[in-house]
Amino acid sequence: MAAPLPNHPNLRGNYGPINFEASYSDLVIEGTVPADLCGSLYRIGPNPKFVEGTYHWFFGAGMVHAFHIENGRVDYLNRWMRTPKFEKEVELGRGLNLEININQETGQIESNRRNGVANTHILAHGEHLVALEEGSHPFSVDPKSLTSEGYGRYGDGIKGAMTAHPKIDPLTGELHGFGYMTDHFGSNTMTYHVIDKLGRTLRSDVFEAPYAGMVHDFVITRDYVLFPIFPLTCDMSRIAKFGFPFAFDSSAGAFIGVLERGAPVSKIRWLEAPVCYVYHYLNAWNEGGRVTFDSIDFPMAPNFPTVEGNLPAHADAQGKLTRWTVDVNTGAIDREQTLGVASEFPRIDDRFAASRHRHGYIAAASQRSKGDGGLFHEITHIDYDSGNIRSWDAGFGNAVSEPVFVEKSGEAKEGEGWLLATLFDSQTVTSSLVILDAQAVEEGPVARAKLDHRIPYGFHGSWRQGR
Ligand SMILES: [Fe+2]
(Lines give C-alpha, C1' and ligand atoms only; values in the text may rest on other atoms or scores of the structure.)
Protein backbone atom coordinates (compact mmCIF):
# COMPACT_ATOMS: atom_id res chain seq x y z
CA MET A 1 0.00 0.00 0.00
CA ALA A 2 1.41 3.39 -0.96
CA ALA A 3 2.37 5.47 2.08
CA PRO A 4 1.88 9.25 2.30
CA LEU A 5 4.77 11.20 0.79
CA PRO A 6 7.15 12.90 3.22
CA ASN A 7 6.75 16.57 4.08
CA HIS A 8 9.21 18.15 1.65
CA PRO A 9 8.97 21.48 -0.25
CA ASN A 10 9.45 19.70 -3.58
CA LEU A 11 6.53 17.38 -2.80
CA ARG A 12 4.07 20.21 -2.07
CA GLY A 13 2.05 22.60 -4.22
CA ASN A 14 2.70 22.21 -7.93
CA TYR A 15 6.04 20.53 -7.23
CA GLY A 16 4.04 17.62 -5.85
CA PRO A 17 3.21 14.63 -8.06
CA ILE A 18 -0.12 13.60 -9.54
CA ASN A 19 -1.15 10.02 -8.91
CA PHE A 20 -2.80 8.99 -12.18
CA GLU A 21 -2.21 8.33 -15.85
CA ALA A 22 -4.84 9.73 -18.22
CA SER A 23 -5.66 10.01 -21.90
CA TYR A 24 -7.87 12.81 -23.20
CA SER A 25 -8.88 13.40 -26.78
CA ASP A 26 -9.89 16.70 -28.33
CA LEU A 27 -9.05 19.15 -25.54
CA VAL A 28 -11.10 22.32 -25.12
CA ILE A 29 -9.24 25.11 -26.89
CA GLU A 30 -9.40 28.86 -26.39
CA GLY A 31 -8.20 30.67 -29.51
CA THR A 32 -7.03 28.85 -32.60
CA VAL A 33 -4.33 26.22 -32.89
CA PRO A 34 -2.31 26.91 -36.07
CA ALA A 35 -3.81 24.65 -38.74
CA ASP A 36 -0.48 23.43 -40.12
CA LEU A 37 1.01 22.59 -36.71
CA CYS A 38 1.37 18.80 -36.83
CA GLY A 39 3.40 16.95 -34.25
CA SER A 40 3.81 16.35 -30.54
CA LEU A 41 5.04 18.43 -27.65
CA TYR A 42 6.53 16.33 -24.87
CA ARG A 43 7.19 17.48 -21.32
CA ILE A 44 8.94 15.51 -18.59
CA GLY A 45 9.66 15.94 -14.91
CA PRO A 46 9.87 14.21 -11.54
CA ASN A 47 6.60 12.68 -10.40
CA PRO A 48 7.38 10.13 -7.68
CA LYS A 49 4.71 7.60 -6.81
CA PHE A 50 6.74 6.43 -3.83
CA VAL A 51 9.51 8.16 -1.87
CA GLU A 52 11.94 6.37 0.40
CA GLY A 53 13.96 8.34 2.94
CA THR A 54 15.22 11.78 1.97
CA TYR A 55 13.95 13.34 -1.23
CA HIS A 56 15.62 15.58 -3.80
CA TRP A 57 13.61 17.10 -6.67
CA PHE A 58 16.13 15.79 -9.20
CA PHE A 59 15.59 12.14 -8.22
CA GLY A 60 11.81 11.65 -8.49
CA ALA A 61 10.47 9.07 -10.97
CA GLY A 62 9.94 10.57 -14.43
CA MET A 63 6.51 11.20 -15.91
CA VAL A 64 5.98 12.28 -19.53
CA HIS A 65 3.11 14.48 -20.72
CA ALA A 66 2.39 14.52 -24.46
CA PHE A 67 0.24 16.88 -26.51
CA HIS A 68 -0.44 15.39 -29.95
CA ILE A 69 -1.47 18.20 -32.30
CA GLU A 70 -3.03 17.86 -35.77
CA ASN A 71 -5.59 19.82 -37.82
CA GLY A 72 -6.12 22.32 -35.04
CA ARG A 73 -7.00 19.59 -32.54
CA VAL A 74 -5.03 18.54 -29.46
CA ASP A 75 -5.00 15.15 -27.71
CA TYR A 76 -3.21 14.58 -24.41
CA LEU A 77 -1.82 11.73 -22.36
CA ASN A 78 0.60 11.28 -19.47
CA ARG A 79 2.56 8.17 -18.47
CA TRP A 80 5.17 7.24 -15.90
CA MET A 81 8.50 6.07 -17.27
CA ARG A 82 8.49 2.43 -16.25
CA THR A 83 12.17 2.05 -15.49
CA PRO A 84 13.28 -1.10 -13.65
CA LYS A 85 13.41 1.00 -10.45
CA PHE A 86 9.83 2.26 -10.91
CA GLU A 87 8.50 -1.22 -11.77
CA LYS A 88 10.12 -2.63 -8.67
CA GLU A 89 8.64 0.16 -6.53
CA VAL A 90 5.17 -0.60 -7.90
CA GLU A 91 5.68 -4.29 -7.21
CA LEU A 92 6.83 -3.66 -3.64
CA GLY A 93 4.44 -0.78 -2.98
CA ARG A 94 7.21 1.40 -1.57
CA GLY A 95 10.07 3.62 -2.71
CA LEU A 96 13.60 2.43 -3.40
CA ASN A 97 16.79 4.39 -3.23
CA LEU A 98 18.66 4.76 -6.52
CA GLU A 99 20.58 1.62 -7.30
CA ILE A 100 23.81 1.58 -5.34
CA ASN A 101 26.25 -1.27 -5.74
CA ILE A 102 29.50 -1.18 -3.79
CA ASN A 103 32.29 -3.14 -5.46
CA GLN A 104 33.72 -5.26 -2.67
CA GLU A 105 37.26 -5.17 -4.13
CA THR A 106 37.54 -1.47 -4.93
CA GLY A 107 35.01 -0.05 -2.49
CA GLN A 108 33.64 2.09 -5.33
CA ILE A 109 30.00 2.72 -6.17
CA GLU A 110 29.13 1.12 -9.49
CA SER A 111 26.07 1.21 -11.70
CA ASN A 112 24.95 -0.46 -14.91
CA ARG A 113 23.37 2.91 -15.85
CA ARG A 114 20.07 1.17 -16.52
CA ASN A 115 18.25 1.77 -13.31
CA GLY A 116 17.65 5.51 -13.31
CA VAL A 117 14.57 7.70 -13.04
CA ALA A 118 14.29 8.97 -16.67
CA ASN A 119 12.96 12.35 -15.55
CA THR A 120 14.94 15.25 -17.06
CA HIS A 121 14.54 15.63 -20.82
CA ILE A 122 12.71 13.88 -23.62
CA LEU A 123 14.06 14.15 -27.12
CA ALA A 124 13.25 12.83 -30.59
CA HIS A 125 16.20 11.72 -32.75
CA GLY A 126 15.46 9.96 -36.03
CA GLU A 127 12.68 7.49 -35.33
CA HIS A 128 13.62 7.31 -31.67
CA LEU A 129 12.13 9.10 -28.68
CA VAL A 130 14.25 8.92 -25.53
CA ALA A 131 13.79 10.06 -21.95
CA LEU A 132 17.09 11.24 -20.52
CA GLU A 133 18.53 11.63 -17.03
CA GLU A 134 22.22 12.26 -16.58
CA GLY A 135 23.04 9.26 -14.40
CA SER A 136 21.72 6.68 -16.85
CA HIS A 137 21.49 5.48 -20.43
CA PRO A 138 18.78 6.86 -22.76
CA PHE A 139 15.36 5.28 -22.03
CA SER A 140 13.24 4.63 -25.11
CA VAL A 141 9.58 5.59 -25.27
CA ASP A 142 6.91 5.01 -27.94
CA PRO A 143 6.21 8.48 -29.42
CA LYS A 144 2.45 7.99 -29.71
CA SER A 145 1.40 5.82 -26.77
CA LEU A 146 4.26 6.80 -24.40
CA THR A 147 4.71 3.10 -23.67
CA SER A 148 8.06 2.55 -21.96
CA GLU A 149 10.38 0.54 -24.20
CA GLY A 150 13.40 0.48 -21.92
CA TYR A 151 17.14 0.98 -21.95
CA GLY A 152 19.50 -0.30 -24.64
CA ARG A 153 17.43 0.40 -27.76
CA TYR A 154 19.17 3.70 -28.45
CA GLY A 155 22.87 4.48 -27.94
CA ASP A 156 23.60 0.94 -26.86
CA GLY A 157 27.23 0.47 -25.93
CA ILE A 158 27.93 3.98 -24.67
CA LYS A 159 30.41 4.06 -21.82
CA GLY A 160 28.91 5.56 -18.69
CA ALA A 161 25.81 7.73 -18.68
CA MET A 162 24.29 10.22 -21.13
CA THR A 163 23.63 13.86 -20.29
CA ALA A 164 20.02 15.05 -20.46
CA HIS A 165 21.26 17.80 -22.81
CA PRO A 166 22.84 16.22 -25.87
CA LYS A 167 22.94 18.35 -29.03
CA ILE A 168 21.60 17.31 -32.41
CA ASP A 169 23.71 18.82 -35.19
CA PRO A 170 21.16 19.92 -37.83
CA LEU A 171 23.72 19.58 -40.63
CA THR A 172 24.99 16.07 -39.89
CA GLY A 173 21.92 14.75 -38.06
CA GLU A 174 24.20 13.28 -35.41
CA LEU A 175 23.63 13.61 -31.71
CA HIS A 176 26.59 14.69 -29.54
CA GLY A 177 26.51 14.02 -25.83
CA PHE A 178 28.64 13.28 -22.81
CA GLY A 179 28.58 11.54 -19.48
CA TYR A 180 30.36 12.23 -16.22
CA MET A 181 31.71 9.99 -13.46
CA THR A 182 32.08 7.33 -16.12
CA ASP A 183 34.35 4.85 -14.33
CA HIS A 184 32.44 4.98 -11.08
CA PHE A 185 30.51 7.39 -8.89
CA GLY A 186 32.96 10.03 -7.60
CA SER A 187 35.41 9.56 -10.47
CA ASN A 188 36.69 12.51 -12.54
CA THR A 189 36.29 10.49 -15.76
CA MET A 190 33.91 11.70 -18.46
CA THR A 191 32.83 10.38 -21.86
CA TYR A 192 32.15 12.08 -25.18
CA HIS A 193 29.43 10.30 -27.19
CA VAL A 194 28.27 10.63 -30.81
CA ILE A 195 25.14 8.72 -31.90
CA ASP A 196 23.59 8.60 -35.36
CA LYS A 197 19.92 8.96 -36.36
CA LEU A 198 19.43 5.22 -36.24
CA GLY A 199 20.48 5.21 -32.60
CA ARG A 200 23.87 3.60 -33.28
CA THR A 201 26.84 4.65 -31.16
CA LEU A 202 29.55 6.11 -33.39
CA ARG A 203 31.97 7.02 -30.63
CA SER A 204 32.04 6.92 -26.83
CA ASP A 205 35.48 8.01 -25.63
CA VAL A 206 36.58 8.38 -22.02
CA PHE A 207 38.68 11.32 -20.79
CA GLU A 208 39.63 12.88 -17.46
CA ALA A 209 38.17 16.16 -16.19
CA PRO A 210 40.06 18.38 -13.72
CA TYR A 211 37.88 17.06 -10.88
CA ALA A 212 34.79 15.01 -10.19
CA GLY A 213 31.75 17.26 -10.44
CA MET A 214 28.15 17.38 -11.58
CA VAL A 215 28.05 18.49 -15.23
CA HIS A 216 24.58 19.10 -16.59
CA ASP A 217 25.08 20.53 -20.09
CA PHE A 218 27.74 21.41 -22.68
CA VAL A 219 28.00 23.10 -26.10
CA ILE A 220 29.01 22.25 -29.64
CA THR A 221 29.82 24.54 -32.55
CA ARG A 222 30.56 23.70 -36.18
CA ASP A 223 34.24 23.15 -35.33
CA TYR A 224 34.46 22.58 -31.58
CA VAL A 225 33.03 20.70 -28.65
CA LEU A 226 33.31 22.51 -25.29
CA PHE A 227 32.96 20.86 -21.87
CA PRO A 228 32.59 23.63 -19.24
CA ILE A 229 33.20 22.25 -15.73
CA PHE A 230 31.96 24.28 -12.76
CA PRO A 231 32.74 23.38 -9.14
CA LEU A 232 29.68 21.49 -7.99
CA THR A 233 32.20 18.91 -6.84
CA CYS A 234 31.72 15.38 -5.57
CA ASP A 235 33.48 14.30 -2.38
CA MET A 236 32.32 11.12 -0.67
CA SER A 237 33.65 12.32 2.70
CA ARG A 238 30.83 14.90 2.74
CA ILE A 239 28.28 12.12 3.22
CA ALA A 240 29.52 11.70 6.80
CA LYS A 241 29.55 15.50 7.32
CA PHE A 242 26.15 16.49 5.93
CA GLY A 243 24.73 13.45 4.23
CA PHE A 244 25.36 14.47 0.62
CA PRO A 245 28.44 14.14 -1.64
CA PHE A 246 27.86 17.19 -3.87
CA ALA A 247 28.66 20.77 -2.81
CA PHE A 248 29.59 24.03 -4.51
CA ASP A 249 33.33 24.52 -3.86
CA SER A 250 34.55 27.72 -5.52
CA SER A 251 38.14 26.90 -4.48
CA ALA A 252 38.21 24.07 -7.04
CA GLY A 253 38.07 26.63 -9.88
CA ALA A 254 36.29 26.32 -13.20
CA PHE A 255 37.55 24.98 -16.51
CA ILE A 256 36.44 24.61 -20.12
CA GLY A 257 37.59 21.54 -22.03
CA VAL A 258 38.09 22.35 -25.73
CA LEU A 259 38.06 19.64 -28.39
CA GLU A 260 38.08 20.10 -32.15
CA ARG A 261 35.17 18.22 -33.72
CA GLY A 262 36.41 14.81 -34.90
CA ALA A 263 39.65 14.92 -32.90
CA PRO A 264 40.52 12.23 -30.34
CA VAL A 265 39.71 13.08 -26.71
CA SER A 266 43.46 12.97 -25.96
CA LYS A 267 43.57 16.40 -27.66
CA ILE A 268 41.22 18.09 -25.15
CA ARG A 269 42.79 21.25 -23.72
CA TRP A 270 41.52 22.75 -20.45
CA LEU A 271 41.14 26.53 -20.20
CA GLU A 272 40.68 28.28 -16.85
CA ALA A 273 37.29 29.96 -16.56
CA PRO A 274 35.50 32.31 -14.15
CA VAL A 275 33.85 30.50 -11.24
CA CYS A 276 30.05 30.36 -11.39
CA TYR A 277 27.50 27.64 -12.01
CA VAL A 278 25.64 26.88 -15.24
CA TYR A 279 22.93 24.31 -15.71
CA HIS A 280 21.91 25.26 -19.25
CA TYR A 281 23.25 26.76 -22.46
CA LEU A 282 21.18 28.45 -25.15
CA ASN A 283 23.57 27.66 -28.01
CA ALA A 284 27.13 28.21 -29.23
CA TRP A 285 28.96 28.99 -32.46
CA ASN A 286 32.49 29.73 -33.56
CA GLU A 287 34.20 32.15 -35.93
CA GLY A 288 37.65 30.64 -36.31
CA GLY A 289 39.01 30.10 -32.82
CA ARG A 290 36.54 32.52 -31.24
CA VAL A 291 33.64 30.66 -29.64
CA THR A 292 30.51 32.47 -28.45
CA PHE A 293 27.93 30.87 -26.22
CA ASP A 294 24.94 32.04 -24.19
CA SER A 295 24.16 30.50 -20.84
CA ILE A 296 22.23 31.01 -17.62
CA ASP A 297 24.93 31.87 -15.07
CA PHE A 298 24.37 31.45 -11.33
CA PRO A 299 26.83 32.86 -8.77
CA MET A 300 26.66 29.44 -7.07
CA ALA A 301 24.82 26.18 -7.64
CA PRO A 302 21.15 26.50 -6.63
CA ASN A 303 19.54 23.48 -4.94
CA PHE A 304 22.93 22.26 -3.68
CA PRO A 305 24.85 23.00 -0.48
CA THR A 306 28.05 24.96 -0.03
CA VAL A 307 31.08 23.09 1.36
CA GLU A 308 29.79 24.00 4.84
CA GLY A 309 26.62 22.04 4.06
CA ASN A 310 24.26 25.04 3.86
CA LEU A 311 21.83 25.56 1.00
CA PRO A 312 22.30 28.98 -0.65
CA ALA A 313 19.68 31.63 0.05
CA HIS A 314 17.11 31.92 -2.76
CA ALA A 315 18.18 35.51 -3.48
CA ASP A 316 21.85 34.47 -3.76
CA ALA A 317 21.25 31.79 -6.36
CA GLN A 318 19.39 33.49 -9.22
CA GLY A 319 20.44 32.68 -12.79
CA LYS A 320 20.90 35.40 -15.40
CA LEU A 321 21.32 35.14 -19.17
CA THR A 322 24.97 35.75 -20.02
CA ARG A 323 27.06 35.80 -23.21
CA TRP A 324 30.53 34.26 -23.13
CA THR A 325 33.24 34.69 -25.74
CA VAL A 326 36.14 32.28 -25.55
CA ASP A 327 39.32 32.49 -27.59
CA VAL A 328 40.22 28.81 -27.68
CA ASN A 329 43.76 29.61 -28.81
CA THR A 330 44.75 32.18 -26.18
CA GLY A 331 42.32 31.10 -23.44
CA ALA A 332 40.97 34.66 -23.11
CA ILE A 333 37.36 34.70 -21.86
CA ASP A 334 34.88 37.58 -21.76
CA ARG A 335 31.53 37.37 -20.03
CA GLU A 336 28.66 39.85 -20.22
CA GLN A 337 25.19 39.66 -18.69
CA THR A 338 22.55 40.11 -21.40
CA LEU A 339 19.36 40.06 -19.33
CA GLY A 340 19.10 41.25 -15.73
CA VAL A 341 16.09 39.09 -14.86
CA ALA A 342 16.07 35.71 -13.13
CA SER A 343 15.58 33.18 -15.90
CA GLU A 344 16.14 29.58 -16.95
CA PHE A 345 15.29 27.01 -19.61
CA PRO A 346 16.87 28.76 -22.64
CA ARG A 347 15.91 27.53 -26.11
CA ILE A 348 16.55 28.49 -29.73
CA ASP A 349 15.21 27.66 -33.15
CA ASP A 350 16.98 24.29 -33.18
CA ARG A 351 17.67 24.45 -36.92
CA PHE A 352 20.44 26.89 -35.94
CA ALA A 353 22.07 24.72 -33.29
CA ALA A 354 25.88 24.96 -33.38
CA SER A 355 25.64 27.98 -35.72
CA ARG A 356 25.17 31.66 -34.99
CA HIS A 357 21.69 32.32 -33.61
CA ARG A 358 19.83 35.62 -33.63
CA HIS A 359 16.89 34.67 -31.42
CA GLY A 360 16.65 33.15 -27.96
CA TYR A 361 13.65 32.20 -25.81
CA ILE A 362 13.58 31.64 -22.05
CA ALA A 363 11.31 31.32 -19.04
CA ALA A 364 11.80 34.37 -16.83
CA ALA A 365 10.60 35.69 -13.48
CA SER A 366 10.79 39.47 -13.20
CA GLN A 367 8.23 39.43 -10.35
CA ARG A 368 10.31 37.03 -8.24
CA SER A 369 11.79 39.99 -6.39
CA LYS A 370 8.21 40.94 -5.40
CA GLY A 371 7.71 37.61 -3.70
CA ASP A 372 6.27 35.59 -6.55
CA GLY A 373 6.24 31.99 -5.40
CA GLY A 374 5.86 30.42 -8.83
CA LEU A 375 8.75 29.01 -10.75
CA PHE A 376 8.87 31.25 -13.85
CA HIS A 377 5.91 33.29 -15.01
CA GLU A 378 7.11 34.92 -18.24
CA ILE A 379 8.05 33.72 -21.69
CA THR A 380 10.69 36.07 -23.03
CA HIS A 381 12.13 36.52 -26.52
CA ILE A 382 15.61 38.02 -26.91
CA ASP A 383 16.54 39.36 -30.35
CA TYR A 384 20.33 39.59 -30.19
CA ASP A 385 20.57 41.59 -33.44
CA SER A 386 18.07 44.34 -32.63
CA GLY A 387 18.48 44.18 -28.87
CA ASN A 388 14.69 43.92 -28.48
CA ILE A 389 13.37 41.96 -25.52
CA ARG A 390 9.70 41.01 -25.53
CA SER A 391 7.81 39.15 -22.81
CA TRP A 392 4.43 37.68 -22.11
CA ASP A 393 3.64 37.62 -18.40
CA ALA A 394 1.35 34.75 -17.41
CA GLY A 395 0.60 36.50 -14.13
CA PHE A 396 1.75 36.60 -10.55
CA GLY A 397 1.73 33.14 -9.01
CA ASN A 398 1.28 31.31 -12.32
CA ALA A 399 4.11 29.43 -13.98
CA VAL A 400 5.31 28.70 -17.49
CA SER A 401 7.56 25.88 -18.63
CA GLU A 402 10.51 25.97 -20.96
CA PRO A 403 9.35 27.48 -24.30
CA VAL A 404 9.92 25.06 -27.19
CA PHE A 405 10.30 26.58 -30.67
CA VAL A 406 8.59 25.03 -33.71
CA GLU A 407 9.22 26.57 -37.15
CA LYS A 408 6.14 27.56 -39.16
CA SER A 409 7.40 25.72 -42.24
CA GLY A 410 10.53 24.15 -43.65
CA GLU A 411 11.29 27.40 -45.49
CA ALA A 412 10.71 29.68 -42.49
CA LYS A 413 13.52 32.04 -41.57
CA GLU A 414 15.11 31.83 -38.14
CA GLY A 415 12.53 32.88 -35.57
CA GLU A 416 9.44 32.42 -37.79
CA GLY A 417 7.67 29.92 -35.64
CA TRP A 418 5.58 29.07 -32.61
CA LEU A 419 6.56 28.76 -28.97
CA LEU A 420 4.91 25.89 -27.12
CA ALA A 421 4.89 25.72 -23.34
CA THR A 422 2.75 24.49 -20.49
CA LEU A 423 1.13 26.98 -18.16
CA PHE A 424 0.16 26.30 -14.55
CA ASP A 425 -2.76 28.45 -13.35
CA SER A 426 -2.49 28.81 -9.58
CA GLN A 427 -6.12 29.99 -9.26
CA THR A 428 -7.76 27.03 -10.97
CA VAL A 429 -4.91 24.59 -10.10
CA THR A 430 -4.98 23.33 -13.68
CA SER A 431 -2.50 23.40 -16.53
CA SER A 432 -2.81 24.09 -20.22
CA LEU A 433 -0.73 23.99 -23.35
CA VAL A 434 -0.10 27.51 -24.64
CA ILE A 435 0.99 28.39 -28.17
CA LEU A 436 2.54 31.80 -28.86
CA ASP A 437 3.73 33.41 -32.06
CA ALA A 438 7.52 33.59 -31.61
CA GLN A 439 7.52 36.91 -33.49
CA ALA A 440 4.85 38.44 -31.24
CA VAL A 441 5.44 36.90 -27.84
CA GLU A 442 4.14 39.95 -26.02
CA GLU A 443 0.67 39.39 -27.50
CA GLY A 444 0.28 36.21 -25.47
CA PRO A 445 -1.06 32.83 -26.55
CA VAL A 446 -2.86 32.39 -29.86
CA ALA A 447 -4.28 29.18 -28.38
CA ARG A 448 -4.67 27.45 -25.04
CA ALA A 449 -5.50 23.74 -24.89
CA LYS A 450 -6.95 23.21 -21.45
CA LEU A 451 -6.58 20.31 -19.06
CA ASP A 452 -8.76 19.58 -16.03
CA HIS A 453 -5.69 18.77 -13.96
CA ARG A 454 -2.29 20.26 -13.25
CA ILE A 455 1.03 19.25 -14.73
CA PRO A 456 3.59 19.36 -11.90
CA TYR A 457 6.61 21.62 -12.37
CA GLY A 458 9.05 19.66 -14.50
CA PHE A 459 12.28 20.17 -16.33
CA HIS A 460 12.38 19.96 -20.12
CA GLY A 461 10.60 19.00 -23.28
CA SER A 462 10.77 19.02 -27.03
CA TRP A 463 8.84 18.84 -30.26
CA ARG A 464 8.57 15.90 -32.60
CA GLN A 465 7.39 16.82 -36.07
CA GLY A 466 4.66 14.76 -37.75
CA ARG A 467 2.17 12.11 -36.71
FE1 LIG B 1 18.42 20.56 -17.63
Side-chain angles (χ1 to χ4, degrees), residues 10 15 41-47 56-65 81 116-125 129-139 141 160-168 175-181 190 193 213-220 226-230 232 246 248 276-284 293-298 300-304 317-322 342-348 350 353 360-365 375-376 379-380 399-405 420-422 455-463:
N10 290 137
Y15 284 95
L41 178 78
Y42 301 100
R43 284 281 308 159
I44 195 167
N47 194 98
H56 190 287
W57 193 33
F58 291 2
F59 301 138
M63 176 179 274
V64 174
H65 305 259
M81 294 293 92
V117 290
N119 70 3
T120 314
H121 196 8
I122 181 161
L123 189 66
H125 186 212
L129 180 70
V130 286
L132 300 166
E133 166 259 298
E134 67 197 40
S136 305
H137 284 180
F139 184 84
V141 186
M162 169 67 87
T163 174
H165 293 288
K167 312 298 177 200
I168 296 173
L175 177 141
H176 296 244
F178 70 93
Y180 65 91
M181 298 188 186
M190 294 181 63
H193 313 297
M214 187 179 283
V215 188
H216 190 66
D217 196 355
F218 78 138
V219 294
I220 66 168
L226 269 59
F227 303 97
I229 310 292
F230 297 106
L232 181 49
F246 291 102
F248 189 75
C276 62
Y277 195 74
V278 175
Y279 280 111
H280 300 120
Y281 301 92
L282 182 73
N283 185 41
F293 63 81
D294 294 312
S295 55
I296 305 291
D297 290 16
F298 291 81
M300 61 185 71
N303 301 312
F304 287 95
Q318 300 290 322
K320 305 279 173 66
L321 188 63
T322 305
S343 52
E344 252 296 1
F345 301 129
R347 298 294 293 251
I348 58 161
D350 288 325
Y361 312 96
I362 54 171
L375 206 52
F376 296 96
I379 292 177
T380 295
V400 296
S401 71
E402 177 180 61
V404 173
F405 181 92
L420 276 60
T422 55
I455 295 178
Y457 295 145
F459 296 134
H460 300 286
S462 61
W463 175 255

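We count ligands from 1, going down the list as the structure has it; atoms in each ligand are counted the same way. In this text, all values refer to a predicted model and were calculated from it rather than measured experimentally.
Donor-acceptor pairing under 3.5 Å is lacking for the side chains of His165 and His121.
Two rings, from Tyr180 and Phe218, have their centers 6.0 Å or more apart.
The heavy-atom pair separating Pro456 from Tyr15 by the smallest distance is CB-O, 4.4 Å. The shortest heavy-atom contact between Val400 and Ala363 is CG2-CB, 4.1 Å.
Vertex the Fe ion (ligand 1); arms to His280 NE2 and His460 NE2; angle rounded to 10 degrees, 90°.
Closest to the Fe ion (ligand 1) among the N, O or S atoms of His165 is NE2.
Taking backbone and side chain together, His121 holds no N, O or S atom under 2.8 Å from the Fe ion (ligand 1).
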